[in-house]
Amino acid sequence: MQHLRSAVSQRITEALDTSGPFIDDPAALEIWTEFLAPARQLVKAGKRTRALLLAAGFEAFGGPGEPVHAGAALELYQLSALTHDDIIDESDTRRGVPATHRSFATTHRGVQLAGDPHRFGKKAGILLGDFLLSLGALEFSKAEHRDRASFDRASTLYHAMTAETAFGQYLDFRAELTELNNDQHSAINDSLLVLRHKSARYSVELPLLIGGALAGANDDDLALLTEVGRPLGIAFQLRDDELGIFGHPQSTGKPAGGDIAEGKRTVLLALARGMADSANRATIDDALGRDLADINVEEIQRIIEESGALEAHEEMIASYESRAHEAAAQLPRSPILLSVMASLEDRQH
């Protein structure tokens with residue numbers, strides 16, 4: 001697995017290095033270097049989880065060789081999605097470094113451009129995110145595959161993934177602006193809808209499916225990969241939502257409590273609001289969407305734990321993980337899949 005991680009990382013660097021064949025003069029080259037700098041910084045810290053999941057689907061159905069180009073394409077697409085996500089959420093950091101739009105704001109000040117550095121940062125970040133989306137698609141055109149039909153099926157899945165994630169982003173930020181739902185069951189279902197389309201499918205299920213498709217998996221094979229990837233992806237994102245409140249910045253790359261400050265309508269929030277008493281529910285509601293410096297994160301953490309919401313959330317995660325393991329037992333053996341599943345489940349607060 002480490003060899004594949006390294007090969008994918010090297011390929012991402014090569015793709016970035018060769019991404020400007022239209023640059024034909026020194027002045028443009030200098031600005032091109034400036035434009036790519038935030039992406040080069042962000043890519044250093046990635047775990048290559050999506051590339052490994054793609055390789056797991058590829059391995060399970062006997063794909064030829066190692067899917068390095070395909071894995072790099074998924075990782076480049078993720079950089080695009082993270083860049084846009086951080087602009088939408090107005091995040092300061094990602095993977096322990098400044099978010100792309102913050103990095104561009106620093107560039108604006110460093111080269112003494114006119115205008116507002118924050119406006120510049122957001123506009124430049126949107127452009128870099130769009131560029132990375134295109135670069136990912138170009139890289140996927142080189143994806144390793146069994147035959148032309150396999151590539152065509154995988155390509156359809158890849159492009160459908162990028163479209164679905166854009167819609168999921170819309171669902172997510174729209175949800176932040178809706179009135180809080182006091183019906184716990186309904187609120188959980190609403191949160192799961194966002195979770196599935198924004199992150200769970202593109203983080204786990206679709207990488208598995210794309211890898212399987214490239215290897216030549218048939219419809220029944222892909223349906224089995226979905227039985228593994230869908231619950232595993234939901235569990236992965238539920239765990240990520242816990243880390244958004246309880247995680248340590250040095251391991252998550254983002255501040256604890258960030259999801260509260262951003263007003264995220266997560267399953268954990270729905271559980272906490274439904275299980276807390278009225279006074280504690282009011283405390284949570286008052287904190288949603290406020291600046292992180294104004295939120296007592298430890299108080300929110302206490303309410304979530306003492307209400308029983310955290311325990312209930314962990315039980316949900318365990319249930320989804322159990323379903324994924326039951327389905328995985330029916331797949332052809334894939335050591336990569338078993339290793340990635342273990343690493344996803346091992347993430348701690």
For this session: Might you work through the side-chain hydrogen bond (donor to acceptor under 3.5 Å, both in side chains) test for Arg48 and Ser9, ending with a clear yes or no?
Result: CA-CA 8 Å; Arg48 312 294 177 250; Ser9 295; 2.8 Å; yes
Item to complete: Tell me, with the steps shown, if Glu345 and His325 meet side-chain hydrogen bond (donor to acceptor under 3.5 Å, both in side chains).
Response: CA-CA 11 Å; Glu345 294 165 11; His325 278 282; 2.7 Å; yes
key: Step-by-step side chain to side chain contact (heavy atoms under 4.5 Å, CB included) determination, Glu164 to Tyr202   = CA-CA 8 Å; Glu164 180 179 358; Tyr202 113 84; over 6 Å; no
- Task: Go through the steps for Arg265 and Asp190 under the test salt bridge (Lys or Arg N to Asp or Glu O under 4.0 Å), then give the verdict.
- Result: CA-CA 8 Å; Arg265 304 298 203 264; Asp190 290 345; over 6 Å; no
Practice task
Start with the C-alpha gap between Glu242 and Leu238, add the side-chain angles, then the distance that decides, and say whether side chain to side chain contact (heavy atoms under 4.5 Å, CB included) holds.
Solution key: CA-CA 7 Å; Glu242 280 189 17; Leu238 289 173; over 6 Å; no
| request: Please assess Ser203 against Gln237 for the test side-chain hydrogen bond (donor to acceptor under 3.5 Å, both in side chains), listing each intermediate value before the final yes or no. | output: CA-CA 8 Å; Ser203 293; Gln237 188 55 46; 5.0 Å; no
* Show your reasoning for whether side-chain hydrogen bond (donor to acceptor under 3.5 Å, both in side chains) applies to Ser150 and Asp147. => CA-CA 5 Å; Ser150 300; Asp147 51 38; 2.7 Å; yes
Passes side chain to side chain contact (heavy atoms under 4.5 Å, CB included), Ser91 versus Glu262? Steps please.
CA-CA 9 Å; Ser91 301; Glu262 293 168 9; 3.4 Å; yes
Mind running side chain to side chain contact (heavy atoms under 4.5 Å, CB included) on Leu135 and Leu16 for me, showing each step along the way? CA-CA 8 Å; Leu135 187 60; Leu16 288 169; 3.8 Å; yes
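Arg102 has no carboxylate O lying under 4.0 Å from a charged side-chain N of Asp86, or vice versa, which leaves the two without a salt bridge. Looking at Arg148 and Asp152, a side-chain N of the basic residue comes within less than 4.0 Å of a carboxylate O on the acidic one, giving a salt bridge. Comment: Glu299 engages Arg302 in a salt bridge, judged by a side-chain N to carboxylate O separation of less than 4.0 angstrom. Salt bridge Arg50/Glu75: absent, no basic N to carboxylate O contact under 4.0 Å. Here Glu326 does not pair with Arg323 in a salt bridge; the nearest charged N to carboxylate O distance is not below 4.0 Å. A salt bridge links Glu176 to Lys264: at least one charged side-chain nitrogen sits closer than 4.0 Å to a carboxylate oxygen. Ion pairing between Asp219 and Arg153 holds under the 4.0 Å rule for side-chain N and carboxylate O.
Minimum interatomic distance between Leu208 and Leu225 (heavy atoms only, all atoms of both residues): O-CD1, 3.5 Å. The shortest non-hydrogen separation linking Thr83 to Gly125 is CG2-O, 3.2 Å. What you find for Ala276 and Asn280 is that their closest heavy atoms are CB-CB, 3.9 Å.
The side-chain heavy atoms of Glu34 and Val111, taken from C-beta on, include a pair separated by under 4.5 Å. The shortest side-chain heavy-atom distance between Phe35 and Leu127 falls under the 4.5 Å cut-off. Under the 4.5 Å side-chain criterion, counting only non-hydrogen atoms from C-beta, Ile336 is in contact with Val340. Considering only heavy atoms from C-beta on, Asp85 comes within 4.5 Å of Lys198 through its side chain. By the 4.5 Å heavy-atom criterion applied to side chains, Ile245 and Ile304 are counted as neighbours. Looking at heavy atoms from C-beta onward, Pro64 lies in side-chain contact with Phe58 at the 4.5 angstrom threshold. Contact check for Gln184 versus Arg273: no side-chain heavy atoms found under the 4.5 Å cut-off. Looking only at side-chain heavy atoms (C-beta outward), Glu144 and Leu214 stay at 4.5 Å or farther from each other.
Summarising the geometry, atom CG belonging to Leu206 is positioned 10.5 Å from atom CG belonging to Leu54; distances are rounded to the nearest 0.5 Å. How far CG of Leu79 is from CD1 of Ile12: 6.5 Å, rounded to the nearest 0.5 Å. How far CG of Leu74 is from OG1 of Thr49: 11.5 Å, rounded to the nearest 0.5 Å. Expressed to the nearest 0.5 Å, how far NE2 of His101 lies from CD1 of Ile88 amounts to 10.5 Å. Once rounded to the nearest 0.5 Å, the distance linking CG of Asp221 with CG of Leu331 reads 8.5 Å. Annotation: the span from Asp277 atom CG to Ser307 atom OG amounts to 9.0 Å, rounded to 0.5 Å.
Listed by first and then second residue, the salt bridge (charged side-chain N to carboxylate O under 4.0 Å, His left out) pairs involving residues 4-18 are Arg11-Glu14, Arg11-Glu139, Asp17-Arg40 (not counting sequence neighbours).
Judged purely by atom type and a 3.5 angstrom limit, Thr178 uses its side chain to pair as donor or acceptor with the backbone of Ala175. A distance-only check finds no donor-acceptor pair linking the side chain of Thr93 to the backbone of Gly96 [under 3.5 Å]. Without hydrogens or angle criteria, Arg146 side chain to Gly62 main chain gives a donor-acceptor distance under 3.5 Å. The closest donor-acceptor contact from the side chain of Ser322 to the backbone of Ala318 lies at 3.5 Å or more, if one exists at all. Although no hydrogens or angles enter the test, the distance criterion places no donor-acceptor pair under 3.5 Å between the side chain of Ser80 and the main chain of Leu132. At least one donor-acceptor pair under 3.5 Å links the side chain of His145 to the backbone N or O of Ala143. Ser319 contributes no side-chain N or O that, together with a main-chain N or O of Met316, makes up a donor-acceptor pair within less than 3.5 Å.
By the rule that hydrophobic residues join a cluster once side-chain heavy atoms approach within less than 4.5 Å of another member, Phe173 and Leu288 end up as members of separate clusters. Tyr170 is not connected to Leu82 by any chain of hydrophobic side-chain contacts under 4.5 Å among Ile, Leu, Val, Met, Phe, Trp and Tyr, and they are in different clusters. There is no path of hydrophobic side-chain contacts, each under 4.5 Å, that joins Leu193 to Tyr320. A continuous path of hydrophobic side-chain contacts links Leu36 to Leu29 [ILVMFWY only; heavy atoms under 4.5 Å]. Criterion: ILVMFWY side-chain heavy atoms under 4.5 Å apart, direct or through other members. Under it, Phe104 and Ile87 are not part of a common hydrophobic cluster.
The ring of Phe140 has its center no closer than 6.0 angstrom to the ring center of Tyr77.
Annotation for Lys44: atom NZ does not count as buried by contact number, only 12 or fewer foreign heavy atoms lying within 6.0 Å. The 12-atom threshold is not exceeded at CD of Glu298, counting heavy atoms of other residues, nucleotides or ligands nearer than 6.0 Å. Surrounding CZ of Arg174 are at most 12 heavy atoms belonging to other residues, nucleotides or ligands under 6.0 Å away.
Residues passing the side chain to side chain contact (heavy atoms under 4.5 Å, CB included) test with Pro332, sequence neighbours excluded: Phe61. The ring pair (Phe, Tyr, Trp, His ring centres under 6.0 Å) test applied to Phe120 returns His108, not counting sequence neighbours.
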